[in-house]
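Note that the structure is a prediction, hence the values are computed from the model and not measured.
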Amino acid sequence: MSRSTAWRAAALVAAIGLGITACSGSGAGSGKNAKDRTLVVESNPVPSFTENYNPFDGNSFATLANARSLVWEPLFQFNTLTEQDPIPWLAKGYEWSNGNRTLKLTLTPGVKWSDGQAFTSADVKFTFELLKANPAANGGGAPLPGSIETPDADTVVMSFDVPQKANFAGIANQLIVPQHVWADVKDPATAVIKADKLIGTGPYLLDKFTSQNVTFKVNPQFRETPKVKRVSFPAYATNDAATLALSSGEIDLAGNNVNNVLNTFVGKDPQHHHLFQKDAPYFPASNTVSLFLNTRSESAPALADPAVRQAISAGLNRKAYTSQCETDYALPATSSSGLLLPNDSKALDPALKDDLKPEADAAKVDSLLSAAGWSRNNGKWTKDGRTIKFTVIDPNSFTDYWCTAQAMAKDLNSLGFDVDANGAFDFNSWNTAITTGKYDAAVHWGQGGTAYQRLQYVLDPRMGAETGKVAAGNFSKYDPAKSLDAVKAFESAADPAAEQTALHDLQQIMSQDVPAVPVFYGPAWYEYNDTQFTGWPNESDPYMNPSPNSQAYEYIILKLTPRD
């Protein structure tokens with residue numbers, strides 16, 4: 001299953017037909033001449049497309065197909081595989097001041113909208129004011145300034161009420177729309193945007209729309225000439241149908257979880273069918289998948305005890321879960337810090353390197369619980385007449401997570417815990433239970449594009465909510481003062497050394513109090529066919545995280561070159 005952390009928390013699963021209905025022509029990169037070749041892209045199975053290109057609508061074609069940035073672009077690009085600096089895009093520079101409350105952006109000169117009008121600071125100001133006036137349109141969660149000034153056409157000055165340097169990626173990732181087009185759009189979060197309003201700074205224009213295939217052609221106003229002249233997004237009814245097309249060589253770029261990928265895809269044409277890397281886990285790490293523990297669960301009061309949470313972590317067989325449930329597409333978590341490794345290696349507290357064992361540590365479980373006053377009674381750890389009883393919930397349609405949840409319950413029960421696994425959820429009911437705090441434990445992916453954001457998602461009490469109300473993060477209901485202090489220390493840090501100190505503090509809190517137990521590093525799904533195009537990111541040239549999202553896809557496509 002493909003799980004997106006940007007617009008959707010679960011992939012759309014189509015409920016009809018298995019037939020391939022989308023591709024026309026002779027397959028991926030069809031066309032005899034390099035200039036005629038079409039790049040075929042697919043990352044989400046949908047039975048058909050509706051003509052709506054709205055970049056602020058999570059259900060529009062542009063969002064579902066990860067095609068938004070072919071038309072509308074961000075201020076900066078980010079390669080989350082490494083800790084490199086932001087990549088200049090619509091903006092070429094930035095500077096923080098006033099205690100990280102004021103952000104000055106210097107825009108890239110000479111950028112034009114596809115209708116020939118100049119892109120200016122007024123468009124950036126308009127976009128952020130649009131989001132402020134229409135919160136439902138802010139699907140990416142961009143921090144919104146209290147005020148924006150535009151001293152000239154190439155300069156934007158944003159003033160925030162609180163320090164926002166730590167959330168720069170959320171600002172810089174925001175797609176910018178043209179004021180002269182969108183000023184007349186009512187209800188931008190839900191408006192149906194047709195071809196007449198498809199005006200952007202991006203490298204492509206709409207070529208042709210059908211319910212089964214949408215194609216784009218080069219935008220002649222773009223600041224460089226793309227070598228890929230046409231891009232096609234076909235519709236496939238199911239993941240099985242998309243996998244068949246991918247294996248048959250009809251797709252160039254895909255972002256799917258493919259069962260037995262070495263035989264199903266790579267083995268069909270080893271010379272041209274490739275993954276990010278040749279050896280397991282085959283895909284780059286995308287997020288830290290953790291066992292979230294509700295520290296305020298009324299049905300599982302034992303989870304309020306940090307020693308219990310530490311013991312749960314010690315009792316997990318991470319190696320078995322990645323092998324049996326993730327089919328070796330993921331690596332076991334190696335650090336209790338909660339960071340995504342190796343991506344966040346520079347930010348890692350050295351004291352927490354490789355402190356998690358790949359297999360269960362029964363002796364450590366015994367030591368932790370005994371020291372905290374728990375003792376065995378009829379085989380179960382007991383204290384004050386109660387056992388360490390809780391239920392792990394995950395939809396059984398999430399086959400990998402459900403497999404992991406069941407295996408965890410079995411492993412922990414063998415060590416004296418009292419654990420059930422419940423898979424009787426669809427995504428919506430499961431997500432509601434977690435975000436409203438009405439659950440005990442759940443296997444859940446992490447979020448965030450930086451080390452800080454990944455920790456903030458778990459530890460920042462400001463992202464939480466009272467039980468029964470929807471939270472944006474901190475699903476473990478963890479909110480001691482030290483956590484908020486460390487978050488604020490990072491946000492107000494004046495230099496890299498202060499930032500690192502705050503990051504280390506956050507990691508130590510994760511390690512010691514364990515509101516979420518790191519389990520494995522979730523894969524970024526990515527398959528490519530280099531029969532017709534070269535220049536793909538891989539382990540030898542990791543210039544971009546290829547996980548399905550529109551901004552990465554734009555960046556990758558602009559790097560590709562048709563074969564002669």
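Counted by atom type alone, W374 and D305 present one or more donor-acceptor pairs between their side chains at under 3.5 Å. A donor-acceptor pair shorter than 3.5 Å can be found between the side chains of S336 and D355. Side-chain contact annotation: S429 with T432, donor-acceptor N/O pair under 3.5 Å absent. For the residue pair D411 and Y321, a side-chain donor N or O sits within less than 3.5 Å of a side-chain acceptor on the partner. S313 and R318 are linked by a side-chain donor-acceptor pair at a separation below 3.5 angstrom, with hydrogens and angles left out of the test. In this structure, a donor-acceptor pair under 3.5 Å is absent between the side chains of S60 and N52. Between the side chains of Q84 and N79, at least one donor-acceptor pair of N or O atoms lies under 3.5 Å. Side chains of N256 and E527: a donor-acceptor N/O pair is absent below 3.5 angstrom, by distance only. D440 and S299 share a side-chain donor-acceptor pair at under 3.5 Å.
Looking at every heavy atom in both residues, P145 comes nearest to F128 through CD-CD2, 4.0 Å. Closest approach of L131 to A137, counting heavy atoms only: CD2-O, 3.7 Å. Taking both residues in full, the closest heavy atoms of A486 and I509 are given as CB-CD1, 4.2 Å, listed atom of the first, atom of the second, then distance. Contact record, A552 with Q77: N-OE1, 4.4 Å, taken as the closest heavy-atom pair. In terms of heavy atoms, N59 sits closest to L64 at O-CD1, 3.5 Å. For S476 against F292, the heavy-atom pair with the smallest separation is OG-CD2, 4.1 Å.
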Exercise. Could you please spell out the steps behind the side chain to side chain donor-acceptor pair (under 3.5 Å) verdict for D505 and Q508?
Key: CA-CA 5 Å; D505 289 343; Q508 286 293 334; over 6 Å; no
Quiz item: Are Y236 and I251 close enough, and set up right, to give a side chain to side chain contact (heavy atoms under 4.5 Å, CB included), and what steps lead you there?
Solution: CA-CA 11 Å; Y236 294 95; I251 298 173; 3.8 Å; yes
Self-check item: Check against ring-ring contact (aromatic ring centres under 6.0 Å, His included), Y439 and W430
Solution: CA-CA 9 Å; Y439 79 107; W430 176 75; 8.9 Å; no
Quiz item: Should F61 and T50 be marked as a side chain to side chain contact (heavy atoms under 4.5 Å, CB included) after you check the CA-CA gap, both sets of side-chain angles, and the distance that decides it?
Solution: CA-CA 6 Å; F61 155 77; T50 299; over 6 Å; no
Self-check item: T467 and K438: CA distance, side-chain angles, deciding distance, side chain to side chain contact (heavy atoms under 4.5 Å, CB included) verdict
Solution: CA-CA 7 Å; T467 300; K438 297 181 178 181; 4.3 Å; yes
Exercise. Given side chain to side chain contact (heavy atoms under 4.5 Å, CB included), test L503 with E499 step by step and report yes or no.
Key: CA-CA 6 Å; L503 277 178; E499 289 181 347; 5.5 Å; no
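Aromatic ring centres of F283 and F276 lie farther apart than the 6.0 Å criterion allows. F76 has its ring centre less than 6.0 Å from the ring centre of F168. For W525 and Y329, the distance between ring centers is under 6.0 angstrom. In this structure, the ring of Y528 has its center less than 6.0 angstrom from the ring center of Y526.
Between the S370 side chain and the D366 main chain, a donor and an acceptor come within less than 3.5 Å of each other. Within the 3.5 Å criterion, the main-chain N or O of G385 finds no donor-acceptor partner in the side chain of T382. Judged by distance alone, with hydrogens and angles left aside, the side-chain atoms of T63 form a donor-acceptor pair with the main-chain N or O of D57 at under 3.5 Å. Counting only distance, with no hydrogens or angles, the side chain of D394 and the backbone of V443 share a donor-acceptor pair below 3.5 Å. With R309 contributing its side chain and L293 its backbone, the two residues share no donor-acceptor pair below 3.5 Å. Under a 3.5 Å cut-off, the side chain of S335 and the backbone N or O of L352 do form a donor-acceptor pair. Remark: side-chain polar atoms of Q500 are not paired, donor with acceptor, to backbone N or O of L348 under 3.5 angstrom. Remark: side-chain polar atoms of N54 are paired, donor with acceptor, to backbone N or O of P188 under 3.5 angstrom. Checked by atom type and distance alone, the side chain of T264 pairs as donor or acceptor with a backbone atom of N259 at under 3.5 Å. A donor-acceptor contact shorter than 3.5 Å links the side chain of T295 to the backbone of K477.
The side-chain heavy atoms of V308 and I388, taken from C-beta on, include a pair separated by under 4.5 Å. The shortest distance between side-chain heavy atoms of Q456 and E491 falls below 4.5 Å. You'll find the side chain of P74 stays beyond 4.5 Å of the side chain of Q174, heavy atoms only. In this structure, the side chains of N396 and W402 come closer than 4.5 Å at one or more pairs of heavy atoms. With contacts defined as side-chain heavy-atom distances shorter than 4.5 Å, the pair E73/Q551 does not qualify. In this structure, the side chains of R68 and L175 come closer than 4.5 Å at one or more pairs of heavy atoms. A heavy-atom distance below 4.5 Å is not found between the side chains of T404 and T322. The side-chain heavy atoms of N545 and F78, taken from C-beta on, include no pair separated by under 4.5 Å.
In this structure, D460 pairs ionically with R462, as a charged nitrogen and a carboxylate oxygen lie closer than 4.0 Å. A salt bridge links K482 to D513: at least one charged side-chain nitrogen sits closer than 4.0 Å to a carboxylate oxygen.
For the atom pair CG (D344) and CG (L455), the distance works out to 8.0 Å, reported to the nearest 0.5 Å. Put simply, OG on S297 and NZ on K389 are 11.5 Å apart, with the number rounded to the nearest 0.5 Å. Expressed to the nearest 0.5 Å, how far CD of Q453 lies from CZ of F490 amounts to 9.0 Å. Atom OG1 in T243 sits 8.0 Å away from atom CD in E42 (nearest 0.5 Å). From L262, atom CG reaches atom CG of D279 across 9.5 Å, with rounding to the nearest 0.5 Å. The CG atom of L412 sits 11.5 Å away from atom CG of D420, with the distance rounded to the nearest 0.5 Å.
Between F475 and Y457, the ring-plane angle classifies as perpendicular under the 30° and 60° cut-offs.
Each of S547, S550, S43 was evaluated against N66; a single residue qualifies, S43, per the side-chain hydrogen bond (donor to acceptor under 3.5 Å, both in side chains) test.
Within 6.0 Å of the NZ atom in K383, the count of heavy atoms belonging to other residues, nucleotides or ligands exceeds 12. Heavy atoms of other residues, nucleotides or ligands lying less than 6.0 angstrom from NZ of K380 number more than 12.
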